Protein chains: 2
Amino acid sequence: MRYSIGQVAKKTGLTAHTLRYYEKEGLLPFVQKTGSGLRVFSDTDIGWLEMIECLKGVGMSLKDIKQYIDWFREGDETLPQRLEMFQQQRAHLENQMEQLNKYMAKINYKIHLYTEAVRLGSLEKAHQNKELQAEQQRVYGDMF
Amino acid sequence: MRYSIGQVAKKTGLTAHTLRYYEKEGLLPFVQKTGSGLRVFSDTDIGWLEMIECLKGVGMSLKDIKQYIDWFREGDETLPQRLEMFQQQRAHLENQMEQLNKYMAKINYKIHLYTEAVRLGSLEKAHQNKELQAEQQRVYGDMF
DNA sequence: GTAATCTTTAGAGTTAACTCTAAGTCAAGA
DNA sequence: TCTTGACTTAGAGTTAACTCTAAAGATTAC
């Protein structure tokens, strides 16, 4: 299938502006153009956009994503670099997920605390609750 | 315990510049000052910084974090707003974690693919591997 | 064929979150 | 006391990633 920039924008949730910006930054080197200059996206390009979303989602900068794309274009000589990059990103992602679990515990505690506080009309009083105090201990000291 | 800005910087990994910036933005309204103008951080302030880290980590802007801190300062009238905020952040965090799991599956596939590609010296050939093709199907179509 | 819509470019503008500078003040050790 | 290093402020500068504008050309629907 072929897609115009507007169709891709709809499909991906990005704006046409952003797609052009990505292309200018070298992130979409495979997008074709018609004789009159209109961009034509293929399913392969959509696939690249999904990969870009993934790499952005794990915290890579557009600059580093471009590096990966450049390596891809250089061919099999850069296979080790690309492998190493993905290994680093996995490690990074593992740390991120661990962090998010800690944040989740903290936020769950807050939800329990504030649910009780709303019920009692007082944060002070909710804080007296022994179960909440125990949860706070588990999650880690706070007051806020 | 009392801490200077430099000690807090060391403790938290933030720079003194960033701590002053946070204070200027209204995120640290409880930090004291000595007669001569030096900031004095307490353990409570460290606790706020940990909360700020958590909220930043789940994707909140400093502006929205400040809103929460302002609500806190307004007292028990704003308990419902704060509860709702934490509930929204939990929902957001759940989506985030789901996304990260998908990204992890994608990156794991890449690691398997590139490990094989490095072994064979060819991405093309690695792509022939039936097990990898099956994993790709599970994770979702790509080529990149 | 023509009006409405879409797309093009170059380049300017925006936003969030820092990050740094300069010029001066404060504190602790020899 | 002197020096060294940490701290102060106001304000300027930076960076990444968009986001928008203007003026023109291309495409689609009727």
Side-chain angles (χ1 to χ4, degrees), chain A residues 1-29 31-42 45-46 48-70 89 92 96 99, chain B residues 1-29 31-42 45-46 48-70 89 92 96 99:
Chain A
M1 273 290 285
R2 319 261 113 177
Y3 310 92
S4 72
I5 197 167
Q7 289 171 318
V8 175
K10 244 188 199 157
K11 247 179 127 69
T12 60
L14 300 166
T15 68
H17 285 305
T18 300
L19 289 167
R20 286 189 207 102
Y21 168 68
Y22 281 3
E23 194 192 35
K24 197 170 60 183
E25 295 298 300
L27 274 68
L28 298 170
V31 172
Q32 303 291 308
K33 297 235 188 156
T34 66
S36 55
L38 298 194
R39 286 174 186 80
V40 181
F41 290 74
S42 66
D45 296 315
I46 304 283
W48 275 104
L49 283 167
E50 284 165 3
M51 193 68 223
I52 289 168
E53 188 214 335
C54 170
L55 296 177
K56 245 168 55 75
V58 309
M60 273 177 83
S61 67
L62 297 187
K63 188 166 162 278
D64 288 346
I65 295 171
K66 177 175 167 17
Q67 171 67 273
Y68 163 60
I69 291 168
D70 289 344
Q89 289 313 311
H92 182 220
Q96 236 179 293
Q99 270 306 309
Chain B
M1 273 291 285
R2 319 260 110 177
Y3 310 93
S4 72
I5 197 169
Q7 289 171 318
V8 175
K10 242 186 200 160
K11 244 177 129 72
T12 60
L14 300 167
T15 68
H17 285 306
T18 300
L19 289 168
R20 285 188 208 103
Y21 168 66
Y22 281 3
E23 193 192 36
K24 197 169 61 184
E25 294 299 300
L27 274 69
L28 299 171
V31 173
Q32 303 291 310
K33 296 234 188 158
T34 66
S36 55
L38 298 194
R39 285 173 186 81
V40 182
F41 290 74
S42 67
D45 296 315
I46 304 285
W48 275 103
L49 283 166
E50 284 165 4
M51 194 68 223
I52 289 168
E53 188 215 334
C54 170
L55 296 176
K56 244 168 56 76
V58 310
M60 273 177 83
S61 67
L62 298 188
K63 189 165 161 280
D64 288 347
I65 295 171
K66 176 176 167 17
Q67 171 68 273
Y68 163 60
I69 291 169
D70 289 346
Q89 288 313 311
H92 183 220
Q96 236 179 294
Q99 270 307 309

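The figures that follow rest on heavy atoms only: side chains count, while hydrogens, waters and symmetry mates do not. Keep in mind it's a predicted model, so treat the numbers as computed, not measured. First the proteins, then the strands, lettered A, B, ... as listed; each starts at 1.
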(message) Testing the basics here: between A:Phe41 and A:Leu28, what is the closest heavy-atom pair and its distance to 0.1 Å?
(response) CE2-CD1, 4.2 Å
(request) Any side-chain hydrogen bond (donor to acceptor under 3.5 Å, both in side chains) involving residues 18-29 of chain B? Give me the pairs, sequence neighbours left out, ordered by first then second residue. (result) B:Thr15-B:Thr18, B:Glu23-B:Arg39
(message) What is the first contacted nucleotide of DNA chain D and what is the last, in 5' to 3' order, if contact means an atom lying under 4.0 angstrom from a heavy atom of chain B?
(response) D:dC7 to D:dT9
Using the 3.5 Å cut-off, write out each protein N or O paired with an N or O of nucleotides 5-8 of chain C and the distance between them.
| from | atom 1 | to | atom 2 | distance (Å) |
| --- | --- | --- | --- | --- |
| C:dT7 | OP1 | A:Ser4 | OG | 2.7 |
| C:dT7 | OP1 | A:Gly6 | N | 3.1 |
| C:dT8 | OP1 | A:Arg39 | N | 2.6 |
| C:dT8 | OP1 | A:Arg39 | NH1 | 3.0 |
| C:dT8 | OP2 | A:Arg20 | NE | 3.1 |
| C:dT8 | OP2 | A:Arg20 | NH2 | 3.4 |
| C:dT8 | OP2 | A:Arg39 | NH1 | 3.1 |
| C:dT8 | O5' | A:Arg39 | NH1 | 3.3 |

(message) For B:His17 and B:Met60, find the nucleotide of DNA chain C closest to each by heavy atoms; which residue's nucleotide sits nearer the 5' end?
(response) B:Met60
(request) Indicate the atoms forming the closest heavy-atom contact of B:Ala16 with B:Ala9, along with that distance. (result) N-CB, 3.9 Å
(request) Indicate the atoms forming the closest heavy-atom contact of A:Ile46 with A:Lys11, along with that distance. (result) CD1-CD, 4.0 Å
(message) Within the structure provided, determine whether A:His92 and A:Gln89 are in side-chain contact (heavy-atom separation under 4.5 Å).
(response) yes
(message) Just so I know, are the side chains of B:Leu49 and B:Glu53 near enough to count as touching, which here means a heavy-atom distance under 4.5 Å?
(response) no
(request) With heavy atoms under 4.0 Å as the rule, sort B:Ser61 into base, sugar-phosphate or nothing. (result) sugar-phosphate
(request) Flag the pair A:Leu62 / A:Lys56 as yes when at least one side-chain heavy-atom distance between them is below 4.5 Å, and no otherwise. (result) yes
(request) Specify the closest pair of heavy atoms between A:Ser42 and A:Arg2, including all atoms of both residues, with the distance to one decimal. (result) CB-NH2, 4.1 Å
